[in-house]
Amino acid sequence: MYFLIPILPLLAAGLTALMKRGQRMPAATLVIAAQTGSTVLSLLAFLQTLAAEAPHGDVARTYFNFPWLSIGSETLSLGLLLDPLSGGMVLMVSFVTLLIFIYSVGYMKEDPNFTRFFCFLSLFSAAMLGVVLSNSLLLTFICWELVGLASYLLIGFWFHKPSAAAAAKKAFLTTRIGDMGFLIGMLWLNSAAKTLLFYDHGHGCLEGAALVAMAAKTGIFGLAVSNCIALLIFCGAAGKSGQFPLHVWLPDAMEGPTPVSALIHAATMVAAGVYLVARMFPLFAATGAVSISLNVVAWIGAFTALFAALIAVAQTDIKRILAYSTVSQLGFMMLALGVGSVTAAMVHLIAHAFFKALLFLGAGSVIHGVHEEQDIRNMGGLRKYMPVTFVTYAIGMMALSGVPFFFSGFWSKDEILHVAHQWPVSQAPFFMAAAAAFLTAFYMTRQMCYVFAGSYRGHAHPHESPAVMTIPLVILAAAAVLMSIPATPAWPWFHGYHTGHELTLDFARLFEHGFLTIAGLSIVIASAGIGIGYLLYRHIGGISQGEQASRLFGDSSSHGESAAHTGGTPMLPDRIERLWPWLYRALENRFYVDELYTATVVRGLGLLGLLAACIERWIFCGIVRLVAGLSLLASSLGDLFDRFWINLGFDSLCGGLRDGGQLFSSLENGRVTCYLRFLSLGTVVLLLIIGWFLA
């Protein structure tokens, strides 16, 4: 029955595509109803994984495989898989997606392409649910590319905006780079394991025999085949999950509508990369818990977490701050996978889905309430005008920042720090992750002060969003808090669920394996980030613009020359900009990675394109022109030969036949005397011949 989970939104997308533009509410109703059905079925599937009895030392798996394509003696099979990894993930994806769909009804109600938007949303949901439930890397890749297509359509939904169209192309092309590695790895895996099914009664590519065989073979650069394939598959995961250096598309995806930002950055597209590595973890770990492929995942994850957190410190677009925060949190998840803890990564993935969806939808509520303004410097004091948005957003901020003890982000992030600290290879990723955790608390406090503290600095009168937008915020806020219950080490429910071991409530676990040390460090990190952020930005909106200008520039006249303006609102320097302007500029410009890509990759590809154009114009086109000239010469010679040799000979022969025919026809004149004369002449000639022979 769980095969209907992705089918329902897929059918809804197909039916919605046939609807007219004016059928807004029928389209939204159909899509939300289909997603509700998927959510109910996902809940039933999740409960099935809870009730299933796991074999000793393993987890309970239910899968269904079927042949898809036969080529000669080779058969490609597809399949669906339900186990604890996919069971929890599919429930989270379908539930968060449902809330985003409901929120979209209010957010997009004035958009003329409302129906088309819901069609794309439903396609996106179907593709992501297919990725989660797949038991075949081939089916995963098919749904993976459908996710990429749907994200392209949604990011560029407002295609009349050049920035949105450019962001959609950037996202599509950047992720294709990673997907090329994914495709090569998939082909290599099929060649090495003779199957792309994950589990197939002991013959799947993630089961013992295939893993041992791939770990024993040597690929390129002396690496085991399993490591080579794992690194290629990680290329696709890095592209989808925005890992350095393929992270550049993800912040630009903010050009799409806010529900799209929440959908991409919370529960679906970016989570697909982390989920793929978690699903393929047996392949990554085939040569041991500290294999080369896992080392690469850990180091890239740690670096991405710190790198993106630094950039988020100096951003002023409310959605872009959250976008870089997403990149950073995905780095945390990859770090957990790299150091060998699938459970820690998945716990943070699910917890992050709830509070990051809350933050993005909260940002959309803020943008809606201040009439499409996204610059946090033009906000301030919104807690008075948007109380529901403020409270729910504050809960999301505290969960992301790791505020103890009632927020899921504290427990999930603390567990990642704990497993990173125990990694035997190096302690550097742990310190990088700790620094990223501090920066997360800092930049989220900065954002809260800019948006909700002080006095309002905008122009249009702010207002609270309608209930269709705030109710999903309340539900997600509750989920961000309640998720802390099964994430605590005292009752590590997720660990038992993912490993198949029954775990009970035991507070003694809080005192084991140095947990209190790491937990204390996490509390210090979060407190320091929030405290320093509050000290720097608590007065950012608490005084008038004239007083701020006077303090910063000395007098109002110099303010008019020095401050940048957007719509008449003074853009005052950030606190960090005043302290370290060179550092702030580097962070504000994202360490110039995009400029580096433009100067190297883009310009290099442009030069290659120019070289290819020159080669085509002067070599290939020259060859074509030469062949064309030789063809014309040959045709001219053929014409001359035909005209002056074949035609003349044929004409002469025809003329001779014609003249001979005329001569003989003249003998047939109907005169009997002429006939007798010729008969007599013939008789004489005949007698002469006979006489000559007789003589």
Side-chain angles (χ1 to χ4, degrees), residues 9 13 16-17 21 31 97 100-101 104 107-108 111-128 131 141-180 182 235-243 245-273 308 315 317-324 326-327 330 360 363-364 367 372 374 590 593-595 597-598 601-602 605-606 609:
T16 308
R21 176 181 289 188
V31 168
T97 301
I100 294 173
F101 283 11
S104 300
Y107 192 88
M108 300 294 291
D111 196 285
N113 294 312
F114 182 94
T115 302
R116 180 163 60 91
F117 182 75
F118 273 86
C119 173
F120 294 164
L121 285 181
S122 196
L123 175 63
F124 197 115
S125 174
M128 184 61 199
V131 169
F141 186 76
I142 294 171
C143 296
W144 187 274
E145 294 305 310
L146 285 175
V147 169
L149 170 64
S151 67
Y152 169 79
L153 296 173
L154 288 169
I155 294 170
F157 182 75
W158 288 327
F159 55 85
H160 54 274
K161 293 171 54 180
S163 57
K169 290 188 290 185
K170 186 176 182 179
F172 190 80
L173 294 175
T174 304
T175 52
R176 294 290 78 70
I177 296 172
D179 290 353
M180 182 57 68
F182 186 0
C235 291
K240 275 288 191 290
S241 291
Q243 298 298 286
L246 299 179
H247 68 284
V248 291
W249 70 270
L250 212 150
D252 288 350
M254 296 299 97
E255 293 295 336
T258 296
V260 174
S261 303
L263 200 63
I264 290 176
H265 285 252
T268 53
M269 182 174 178
V270 296
Q315 302 304 306
D317 185 302
I318 186 172
K319 289 169 62 177
R320 193 170 289 269
I321 295 171
L322 298 178
Y324 278 107
T326 298
V327 176
L330 291 168
F360 268 110
I367 294 169
E372 306 308 315
Q374 294 187 205
R590 308 174 298 279
V593 173
D594 289 78
E595 288 77 5
Y597 272 127
T598 301
V601 177
V602 176
L605 291 175

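Here the shortest heavy-atom pairing between Pro259 and Ile100 reads O-CG2, 3.6 Å. Among all heavy-atom pairs drawn from Ser241 and Gly273, the shortest one is OG-CA, 3.0 Å. Listed here is the closest heavy atom pair of Cys143 and Val131: CB-CG2, 3.5 Å. Pairing each heavy atom of Ala271 with each of Met128, the nearest pair is C-CE, 4.5 Å. Scanning both residues, Ser104 and Phe118, for their nearest heavy atoms gives CB-CZ, 3.9 Å. Closest approach of Tyr107 to Gly364, counting heavy atoms only: CE1-O, 3.5 Å.
Atom OG1 of Thr175 sits about 9.0 Å away from atom CG of Leu246, to the nearest 0.5 Å. If you take CG on Leu250 and CD1 on Ile264, they are separated by 7.5 Å, rounding to the nearest 0.5 Å. Rounding to the nearest 0.5 Å places CH2 of Trp144 at 15.0 Å from CG of Leu149. Atom OG of Ser151 and atom CH2 of Trp249 lie 6.0 Å apart (nearest 0.5 Å). In this structure, Met108 CE and Leu121 CG are separated by 8.0 Å, a value rounded to the nearest 0.5 Å. The CZ atom of Phe101 sits 9.5 Å away from atom CZ of Phe124, with the distance rounded to the nearest 0.5 Å.
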Q: Using the side chain to side chain contact (heavy atoms under 4.5 Å, CB included) rule, take Asn113 and Phe157 through it: C-alpha gap first, then chi angles, then the decisive distance, then the call.
A: CA-CA 9 Å; Asn113 294 312; Phe157 182 75; 3.5 Å; yes
Q: In sequence, state the C-alpha distance, the side-chain angles, and the governing distance for Arg176 and Glu145, and then conclude on side chain to side chain contact (heavy atoms under 4.5 Å, CB included).
A: CA-CA 9 Å; Arg176 294 290 78 70; Glu145 294 305 310; 3.1 Å; yes
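Gln243 places a side-chain heavy atom less than 4.5 Å from the side chain of Leu330. The closest side-chain heavy-atom distance from Met254 to Leu322 is not below 4.5 Å. For the pair Gln374/Arg320, no side-chain contact is recorded, criterion being any heavy-atom separation below 4.5 Å from C-beta on. Looking at Phe114 and Arg21, their side chains never come closer than 4.5 Å, going by heavy atoms from C-beta outward.
In this structure, Tyr152 places its OH atom where only 12 or fewer heavy-atom neighbours from other residues, nucleotides or ligands lie under 6.0 Å away.
A donor atom on one side chain and an acceptor atom on the other are found under 3.5 Å apart for Trp158 and Asp111.
No side-chain donor-acceptor contact under 3.5 Å links Asp179 to the backbone of Phe182.
In this structure, Arg116 is not positioned above the aromatic face of Phe120 in the sense of NZ or CZ being under 6.0 Å from the six-membered ring centre and within 45° of the axis.
With respect to Asp594 and Lys170, a salt bridge is recorded, a charged nitrogen being found less than 4.0 Å from a carboxylate O. Taking the charged nitrogens against the carboxylate oxygens, Lys319 and Glu255 have no contact shorter than 4.0 Å, which rules out a salt bridge.
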